[in-house]
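In what follows, a structure is listed as structure tokens, so that the remarks can point back to it.
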Number of protein chains: 2
Amino acid sequence: MSDSDLHLENQLCFALYRASRMIQQVYRPMLEELGLTYPQYLVMLVLWERGSVTLKELGAALELDSGTLSPLIKRLKAAGLVTSARRVTDERSVEIALTPEGRALRERATDIPHKIGCATQMQVDDIISLRSMLTDLAASLADSHTKATKD
Amino acid sequence: MSDSDLHLENQLCFALYRASRMIQQVYRPMLEELGLTYPQYLVMLVLWERGSVTLKELGAALELDSGTLSPLIKRLKAAGLVTSARRVTDERSVEIALTPEGRALRERATDIPHKIGCATQMQVDDIISLRSMLTDLAASLADSHTKATKD
DNA sequence: GGCAATTTAATTGCGCACAACTTAATTGTG
DNA sequence: CACAATTAAGTTGTGCGCAATTAAATTGCC
């Protein structure tokens, strides 16, 4: 183990941290036009795909818990983009659904992926390859983490 | 532009967001033993490398502003790991330096990079390659962002 | 059927990130 | 030298992330 192992620029974690924050900076002005924050946009992506989901399903898709999602959904409700209601078959669950306004917002988001693609200055194949490596990495890390914490 | 462009799992941004948060989860229990949060650890990495830096230099290294760093440094001071003082040659700048305790903490962090490496379940060369791609991506995104916002 | 264990959300508290603003010191220019 | 422009930190306010706790509904087991 060399000394350079503790240098900032040699850390994979810092490269991830920086790239993740930087891409959110690129999204910010585009999402601002839609009145969304970045995590709110991710929630809308799930809803545009599935129409309606429970908070638990949303949490599974985004790997976020109710501590993050409950207040976020409250803000999306206040913005008139979603509704939420307890399920009649199981009152523990909350079903989140799109309002017509929430569904309509999708049209104003369709050009965002292309704009982001341009900003990366990468070939489509390279983006797909990088995305795949990151997904595999996340899975490996989740694996190590659950093993380490014995749950 | 296909419909699938707006699917969560197809987004590079989400893969980054998830991997970045996941790796921080793996760091968390290790850093907890040192009494550090993840961003505090990044600050300590810079200080272990350079000994002392101004807040501005720290911000340049981590791409964080005083709004994030000022309160973070206040907490590291309270923990007895760093000192901070206005520069005599330029009272606008604040010099952050390690205390002996802060310097000593490095010894307890030396095995972290290896543990993280194991958790990734990746070959060293692949980690280096991925890190390099992320660094390049961050640079491209920063480039697009500064061009788009004209500064 | 009764009740303990489990499941699902919501709440609380803390520490980032980041935009916007304020304050104070320094630099540059006429 | 005066003073406008710039630079560096700090402050304020908002919205995450995440751990820990609480509350309520459901499930499972006797």
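A note on names: the letters A, B, ... follow the listed sequences, proteins ahead of strands, and every chain is numbered from 1.
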[X] side-chain proximity, nearest of [options]:
| X | options | answer |
| --- | --- | --- |
| Leu55(B) | dA9(D), dA9(C), dT11(C) | dA9(D) |
| Gln25(A) | dA19(C), dG15(C), dT26(D) | dA19(C) |
| Asp90(A) | dC16(D), dC18(D), dT26(D) | dT26(D) |
| Arg28(A) | dC18(C), dG10(D), dA9(C) | dC18(C) |
| Arg86(B) | dT26(C), dT11(C), dG10(D) | dG10(D) |
| Lys56(B) | dA9(D), dC16(D), dA24(C) | dA9(D) |
| Arg92(B) | dA9(C), dA25(D), dA8(D) | dA8(D) |
| Pro39(A) | dA17(C), dA24(D), dC16(D) | dC16(D) |
| Lys74(A) | dT11(C), dC18(D), dA9(C) | dT11(C) |

Is there a donor-acceptor contact under 3.5 Å linking the side chains of Thr83(A) and Lys77(A)?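 Their side chains do not contain a donor-acceptor pair, so the 3.5 Å distance test is not met.
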
Answer with base, sugar-phosphate or nothing: what part of the nucleic acid does Ser93(A) contact at a heavy-atom distance below 4.0 Å? sugar-phosphate

Regarding Leu69(B), tell me which of base, sugar-phosphate or nothing describes its non-hydrogen contacts under 4.0 Å with the strands shown. nothing

Exercise: identify the closest heavy-atom pair between Arg50(A) and Ala61(A):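 Where Arg50(A) meets Ala61(A) most closely, the heavy atoms are NH2-CB, 3.7 Å.
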
With nearest nucleotide decided by heavy atoms, which residue, Glu91(A) or Leu64(A), maps closer to the 5′ end of DNA chain D? Leu64(A)

Reading DNA chain D from 5' onward, which residue's closest nucleotide shows up sooner: Thr68(A) or Val94(B)? Val94(B)

What is the distance, rounded to the nearest whole Å, between atom [atom1] of [X] and atom [atom2] of [N]?
| X | N | atom1 | atom2 | answer |
| --- | --- | --- | --- | --- |
| Leu58(B) | dG10(D) | CG | C1' | 15 Å |
| Ile96(B) | dG10(D) | CD1 | C1' | 12 Å |
| Glu32(A) | dC18(C) | CD | P | 14 Å |
| Met22(A) | dC18(C) | CE | C1' | 13 Å |
| Leu76(B) | dG15(C) | CG | C1' | 12 Å |
| Leu31(B) | dA19(D) | CG | C1' | 16 Å |
| Glu95(A) | dA10(C) | CD | P | 13 Å |
| Phe14(B) | dG17(D) | CZ | P | 11 Å |

Ionic contact status for Glu9(B) with Arg18(B), cut-off 4.0 Å: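 Here Arg18(B) pairs with Glu9(B) in a salt bridge, since their nearest N and O are under 4.0 Å apart.
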
Whichever of Asp65(A) and Arg87(B) has its nearest DNA chain C nucleotide further upstream toward 5':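 Upstream on the strand: Asp65(A).
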
Give a yes/no on whether any side-chain N or O of [X] is located under 4.0 angstrom from OP1 or OP2 of [N].
| X | N | value |
| --- | --- | --- |
| Tyr38(B) | dG15(C) | no |
| Tyr17(B) | dG17(D) | yes |
| Gln24(B) | dG17(D) | no |
| Ser70(A) | dA10(C) | yes |
| Gln40(A) | dG15(D) | no |

Checking side chain to side chain donor-acceptor pair (under 3.5 Å) between Asp90(A) and each of Arg87(A), Arg86(A), Arg92(A), which is the one that passes? Arg92(A)

Side-chain donor/acceptor of Thr37(A) to base of dG15(D), under 3.5 Å: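 In this structure, the two groups form no donor-acceptor pair.
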
Check this for me: does the side-chain of Ser66(B) come within 3.5 Å of the base of dA8(D) through a donor and an acceptor?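 Answer is no: no donor-acceptor pair is held.
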
Is [X] reaching over with its side chain to a backbone N or O of [Y], donor-acceptor style, under 3.5 angstrom?
| X | Y | value |
| --- | --- | --- |
| Ser70(B) | Gly67(B) | no |
| Ser52(A) | Ala97(A) | no |
| Thr54(A) | Glu95(A) | no |

